[in-house]
2 protein chains.
Amino acid sequence: MNLSNTAQYAIRVLSYMAVNESVIYTTSEIVSKLNLSDKYLKRLMTNLSKAGLISSIQGRYGGYKFQKSPDTIFLIDIIGSVENFEKYEGCVLGFSMCSDENPCALHHKWEHVQSEISDLFHSVTLSQIQTEPNMKF
Amino acid sequence: MNLSNTAQYAIRVLSYMAVNESVIYTTSEIVSKLNLSDKYLKRLMTNLSKAGLISSIQGRYGGYKFQKSPDTIFLIDIIGSVENFEKYEGCVLGFSMCSDENPCALHHKWEHVQSEISDLFHSVTLSQIQTEPNMKF
DNA sequence: ATCTTATACTACAACCATGTAGTATTTATC
DNA sequence: GATAAATACTACATGGTTGTAGTATAAGAT
């Protein structure tokens with residue numbers, strides 16, 4: 001599906017935080033658990049805060065916690081907060097106008113798959129993501 | 001779905017050529033019909049030739065024609081000839097290992113959609129793409 | 001007030017996809 | 001053989017994503 005690395009990180013981080021949704025997480029804990037770049041994660045967390053998904057607590061014993069309840073955060077909210085989600089919903093061949101009346105070569109074949117992709121991202125919330133023992137973050 | 005521009009171009013060009021599969025097409029004709037960059041298309045055509053999908057005819061009255069019959073060219077062949085298709089089939093969160101036993105956060109939700117995407121690209125050939133009067137290339 | 005430990009900001013580097021420019025090569029026609 | 005019309009090749013430019021480095025700022029603990 002080719003989500004950007006940043007979007008993948010965002011989903012992984014928030015999934016991890018959603019396991020205990022009221023805990024305050026520091027970047028150093030997230031970095032050690034998810035094994036990703038420290039500096040890059042910090043920037044990402046700032047962006048997720050600005051997007052209103054989480055809130056930051058500065059200073060000693062600071063960190064990040066959810067600003068909205070995980071059951072109100074949809075995958076599209078996460079992805080949309082770090083990149084333009086439209087690139088995943090527009091015409092698969094890149095046309096700005098593509099419809100049943102004036103379709104691209106793949107329009108009819110692709111229509112059904114596209115709606116499944118969109119439905120999933122629009123309907124799945126953070127709290128609906130299964131947390132099972134063997135799950136990786 | 002976020003195919004690369006190059007992959008989108010490739011599908012559009014070959015869809016256009018498939019309408020009259022035995023005709024020799026010059027880059028200038030394709031450029032004028034599909035309205036894309038002349039130089040970039042030329043490089044793309046060279047790559048599609050090297051990939052074995054089309055063959056080039058140099059010199060005067062030259063151009064490009066199909067090397068394989070359009071009904072033997074699957075979408076995955078086209079995309080795979082210009083970029084690494086695995087990025088569309090791997091784990092949606094980017095893990096190199098992701099399975100039912102050791103899944104990522106989205107694994108179970110995504111599984112079904114992923115198989116629909118893969119099925120489509122693996123099963124649809126150029127000749128199966130509908131050519132209707134209002135279709136755009 | 002000062003120290004410590006967090007996040008916030010800004011600048012820069014590396015890489016890849018995309019696109020442009022110019023030259024070289026090939027081959028049918030004359 | 002010379003010309004014309006096509007593809008092939010090489011180098012460079014641009015922009016976005018990803019990642020790194022260093023400094024600034026905030027706020028609790030003492």
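Just so it is clear: chains get the letters A, B, ... in the order the sequence lines come, proteins before strands, and each one is counted from 1. These numbers were taken from a predicted model, which means no experiment stands behind them. The figures that follow rest on heavy atoms only: side chains count, while hydrogens, waters and symmetry mates do not.
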Which one, [options], comes nearest to the side chain of [X]?
X	options	value
A:T26	C:dG19, C:dC9, C:dA6	C:dA6
B:R60	C:dT18, D:dA4, C:dT4	D:dA4
B:Q58	C:dG19, C:dT7, D:dA8	D:dA8

[X] vs [N]: side-chain N/O to OP1/OP2 distance below 4.0 Å:
X	N	result
A:S37	D:dG19	no
B:S56	D:dA8	yes
B:S28	D:dA6	no
A:Y64	C:dA8	yes
A:T6	D:dT17	no
B:K50	D:dC9	yes

**OP:** Count the heavy atoms belonging to other residues, nucleotides or ligands that lie under 6.0 Å from CG of A:N35, then report whether that count exceeds 12.
**Re:** no
Figure out the [atom1]/[atom2] separation between [X] and [N], and round it to whole Å.
X	N	atom1	atom2	value
B:N47	C:dA17	CG	P	12 Å
A:I79	D:dT17	CD1	C1'	16 Å
B:E83	C:dT18	CD	C1'	13 Å
A:K42	D:dA26	NZ	C1'	14 Å
A:I57	D:dT25	CD1	C1'	17 Å
A:K39	C:dA14	NZ	P	17 Å

Subject >> B:K33 to B:Y16 six-membered ring, cation-pi geometry met (6.0 Å, 45°) >> reply: no
Subject >> First encountered from the 5' end of DNA chain C, between A:R43 and B:Y61 >> reply: A:R43
Original post:
Any donor and acceptor pair, going by atom type alone, linking the side chain of B:Q114 with main-chain N or O of B:Y88 inside 3.5 Å?
Top reply: yes
Original post:
Under 4.0 angstrom, heavy atoms only, what part of the nucleic acid is B:T27 near: base, sugar-phosphate, or nothing?
Top reply: sugar-phosphate
